[in-house]
Amino acid sequence: MTKKKIVLLDGNSLAYRAFFALPPLTNEHGIHTNSVYGFTMMLQNIIAEEKPTHLLVAWDAGKTTFRHKTFVEYKGGRQKTPSELSEQFPYLRKLLDAYNITQYELDQFEADDIIGTLSHIGDAEGTEVVIISGDKDLTQLATENTTVYITRKGITDTEKYTPEHIMDKYGIKPLQIIDMKGLMGDASDNIPGVPGVGEKTALKLLLEYGSIENVYKSLDQITAKKLNENLTKYEEQAYMSKELATIDVDSPITISIDELVYTGPDVDKLTSIYKELNFKTLLEKLAPQEVVEKPLDEIKVTIASDITEEQLTDTMAIHIEMMDENYLNAEILGIGLADADKTLFIDFSEVEKSAVLKEWLQNKDKKKYSTDSKAALASMARYGIHLEGIEFDLLLATYIVNPATSYTDVASITRELGYSEVQQDEFVYGKGAKKAVPSIEEIAEHASRKAQAVWKLRPVLEDKLRENDQYDLYRDLELPLASILGKMESTGVKTDKEILVGIGKELTLKLTDLEAMIYEIAGEKFNVNSPKQLGVILFEKIGLTPIKKTKTGYSTAADVLEKLESEHEIIRYILNYRQLAKLNSTYIVGLLKEIHEDGKIHTRFQQALTQTGRLSSINPNLQNIPVRLEEGRKIRAAFVPSEPGWSLFTADYSQIELRVLAHISQDEKLIEAFQQGADIHTRTAADVFGVEISEVTSEMRQSSKAVNFGIIYGISDYGLSQSLNIPRKDAATFISKYLASFPGVKQYMDDIIAEAKLKGFVTTLMNRRRYLPEITSSNFNIRGFAERTAMNTPIQGSAADIIKKAMIDMAARLESEGMKTRMLLQVHDELIFEAPEDELEKLKKIVPEVMESAISLDVPLKVEWEFGKSWYDTK
DNA sequence: ACGCTCACG
DNA sequence: ACGTACGTGAGCGTA
């Protein structure tokens with residue numbers, strides 16, 4: 001027989017905790033589910049870790065308790081429970097019911113008292129008891145047999161209060177926690193305590209006198225005048241506070257420990273509640289085989305050979321089927337085609353053989369509706385087939401309608417639109433080690449279904465785009481851009497392996513030295529790359545003071561280490577080691593792995609991913625190649641032109657986001673500054689500090705630069721204080737001065753938040769949308785985040801629109817000028833080309849011209865360019 | 001799989 | 001009551 005172990009949960013406290021720890025999730029009916037989800041995670045964790053034989057969730061009963069008789073205002077002034085949380089309580093009850101966990105509440109008593117009483121009984125029996133809550137008051141219940149787990153940051157992490165731990169932490173015994181609360185009070189429960197006494201003073205008094213009673217017996221020994229006065233004046237209040245903070249361990253409960261036996265969940269009930277709440281991952285874990293695919297409608301699949309012109313009509317939906325997501329090197333299995341009355345699958349070996357099909361693919365008068373046009377284009381290009389005539393792109397259309405949904409494969413996209421006739425790729429090909437090529441019949445059906453889905457969904461999406469006034473954005477910006485990006489990806493960037501290897505060797509040498517040095521100073525070997533091990537060395541062995549904590553321990557991030565640099569010599573070696581280790585692993589070893597046989601790196605641009613409209617770059621990411629520090633910048637020397645005698649040419653928009661802000665906000669001063677061509681940070685400094693331009697110091701300019709960044713991000717005093725390393729108050733002063741100097745910006749910030757609340761979304765200059773449902777949240781954090789997003793997205797997103805437009809114009813211009821220059825990369829506000837020597841002069845003229853006239857704003861756009869023999873040299 | 005750290009705009 | 005600047009991707013260690 002296993003040993004008895006009782007786990008007692010504080011239901012209300014944990015529900016709150018889960019609610020605030022998680023982002024707002026909802027099921028398809030808009031019911032909030034985050035608290036239930038978090039609670040479930042905690043519960044699973046507790047059951048797995050503690051393996052309780054007895055389990056109980058205690059709830060607070062109603063509004064009034066016996067404590068209100070002592071003090072009417074007990075728990076007064078509390079914010080009303082947010083409706084997003086209160087609507088979840090019935091589901092929590094149902095969940096626990098499905099788990100077969102006893103729930104208990106008692107009129108006039110709080111959950112604390114129920115827990116206290118039961119733990120008291122268990123303790124007397126000598127049974128092991130674990131109490132779990134977010135409320136530190138419960139630590140008063142810790143005994144030799146009873147441990148109190150208090151939730152920390154996150155939802156499953158807890159701090160375990162045993163009597164020893166409480167002694168270590170506060171220097172008092174568990175029951176003295178009550179005296180501590182009595183003296184210091186508790187704002188959240190509206191327990192007054194003694195004014196002027198906080199945690200420090202309370203602990204000092206208890207260390208000296210042991211209890212509130214003894215403090216008052218020895219009052220004349222307390223010489224601190226103010227403290228003595230307060231203690232004297234508020235004696236009655238101190239005793240009352242102690243009474244309020246005392247958990248009743250003898251409440252009149254009508255339940256016995258035997259009734260708490262935990263036998264495990266009712267899987268059927270659990271499945272039904274998980275379904276109701278849309279907990280997909282939990283459902284899968286519960287019974288992976290139970291998630292059955294609904295049978296699809298039958299379709300007629302034709303596996304074609306000897307393609308004829310008659311089979312290929314003027315307009316068809318097309319999908320290139322590949323097993324791997326990386327279409328730049330994945331094996332092409334075949335092509336699925338569909339129109340109104342048929343589907344067709346062509347095995348890739350047939351594609352290569354069929355001149356008729358190739359002709360059709362390359363004919364721009366034969367219209368194609370695709371699932372992902374960039375993938376289609378780039379994958380075909382590998383076989384010398386230049387796909388033309390793309391008229392529709394399912395991926396892009398869905399993304400423009402709402403960038404928030406996550407797009408993994410065609411099945412998920414179409415399901416989102418209420419169409420469920422396509423199977424998940426995972427289902428067809430298997431997952432992980434079980435991934436394998438199925439029969440040609442299966443592939444044919446899968447690819448045909450995808451093509452058919454595109455055919456059926458195109459009108460739906462086009463209507464939606466028109467309805468949202470986003471058809472132009474889709475048709476004139478994203479769709480043509482897809483082809484351009486496809487070409488850029490196919491072209492790739494020539495990368496000099498030798499240069500990377502050379503830098504790698506130097507780095508390895510330096511890293512070995514640094515490592516040895518660090519071990520010597522630390523007095524032992526450890527993994528410098530492990531924040532956990534490093535934390536132990538720095539903050540336990542060496543004894544430095546931790547400045548910041550993370551969920552899992554001490555933070556060892558660079559900003560923390562920099563603050564400790566003067567404290568110990570080891571820090572600078574660690575910082576240096578970190579910097580070089582990053583360069584070596586990500587940019588030397590990482591990039592070397594990505595060089596193809598053609599000596600080039602072919603990144604892929606994700607065009608339907610970011611929430612703002614920017615692109616992202618993967619496999620590898622070429623949008624974050626080091627530049628800020630010289631050591632890292634040298635990596636750029638490895639990126640070179642692919643033809644002898646050519647150069648790389650880079651052009652970047654100067655301050656595009658601030659210019660966009662000036663335009664959108666119509667702030668007169670900001671517009672004027674840009675029209676005059678002033679250095680914007682200096683100009684901002686002059687306005688904010690109220691001095692002449694000539695009097696602006698470099699510190700003033702630096703602060704203003706940080707404020708300008710902050711404004712773009714949706715400023716907060718905390719954020720600015722972190723970036724400038726100044727007190728929060730000073731940061732707040734800066735911000736208010738800035739907003740007073742630029743009233744148009746202030747007005748914009750207020751207006752955009754109001755607009756987002758009203759419409760539920762914000763838009764960019766070219767009508768890209770981002771929905772912000774969280775902007776009406778009653779949770780301060782979540783709402784604040786949404787508000788900053790509302791301020792930032794139109795700025796970042798409009799800048800993204802502009803450079804996308806510039807890319808389209810630039811590609812057209814290069815074409816019309818008959819130039820050989822190729823566009824290679826886009827890095828958010830920068831374009832990188834490779835060009836033959838004799839086109840450089842022309843580029844210097846047309847690149848700025850095209851980029852600067854991509855859009856007409858009320859401020860000029862400014863482009864700066866460079867060229868050189870490598871990316872490093874374009875500076 | 002997830003968190004931390006750090007590279008970029 | 002709670003912990004934050006906006007947007008990304010990759011490598012590593014740890015679970």
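Keep in mind it's a predicted model, so treat the numbers as computed, not measured. The figures that follow rest on heavy atoms only: side chains count, while hydrogens, waters and symmetry mates do not.
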Q.
If we ignore hydrogens and angles and just use 3.5 Å, is the side chain of A:Ser555 paired with the main-chain N or O of A:Thr550 as donor and acceptor?
A.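 Judged by distance alone, no pair lies under 3.5 Å.
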With respect to the phosphate group of [N], does any side-chain polar atom (N or O) of [X] fall under 4.0 Å of OP1 or OP2?
{"X": "A:Ser555", "N": "B:dT5", "answer": "yes"}
{"X": "A:Gln533", "N": "C:dT14", "answer": "yes"}
{"X": "A:Arg788", "N": "C:dC6", "answer": "yes"}
{"X": "A:Thr550", "N": "B:dC4", "answer": "yes"}
{"X": "A:Arg628", "N": "B:dG9", "answer": "yes"}
{"X": "A:Ser616", "N": "C:dG9", "answer": "yes"}
{"X": "A:Lys593", "N": "C:dA10", "answer": "no"}
{"X": "A:Ser617", "N": "C:dT8", "answer": "no"}
{"X": "A:Arg770", "N": "C:dG7", "answer": "yes"}
{"X": "A:Asn527", "N": "C:dG13", "answer": "yes"}
{"X": "A:Thr552", "N": "B:dC4", "answer": "yes"}

Q: Please report the C-alpha distance between A:Glu787 and A:Lys757 in whole Å, then the side-chain angles of each, then the deciding distance to 0.1 Å, and finally whether the salt bridge (Lys or Arg N to Asp or Glu O under 4.0 Å) criterion is met.
A: CA-CA 9 Å; A:Glu787 287 172 352; A:Lys757 284 194 171 132; 3.5 Å; yes
Q | Consecutive-pair stems (3 or more, Watson-Crick or G-U, under 3.5 Å) for DNA chain C | A |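 Output for stems: B:1-9 with C:6-14.
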Q.
Could you check whether the side chain of A:Gln796 and the base of C:dC6 have a donor-acceptor pair of N or O atoms closer than 3.5 Å, going by distance alone?
A.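 When only heavy-atom distances are counted, A:Gln796 does reach the base of C:dC6 through a donor-acceptor pair under 3.5 Å.
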Q) Quick one: does A:Ser723 reach the base of C:dA5 with a side-chain donor-acceptor pair under 3.5 Å? A)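 Counting by modelled atom types and ignoring angles, a donor-acceptor contact under 3.5 Å is found here.
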Considering only distance and modelled atom types, tabulate donor-acceptor pairs under 3.5 Å from the side chains of residues 706-719 of chain A, sequence neighbours left out.
unit_1	atom_1	unit_2	atom_2	d
A:Asn708	ND2	A:His681	ND1	3.0
A:Asn708	ND2	A:Thr684	OG1	3.2
A:Asn708	ND2	A:Ser704	O	3.4
A:Ser716	OG	A:Gly719	N	3.0

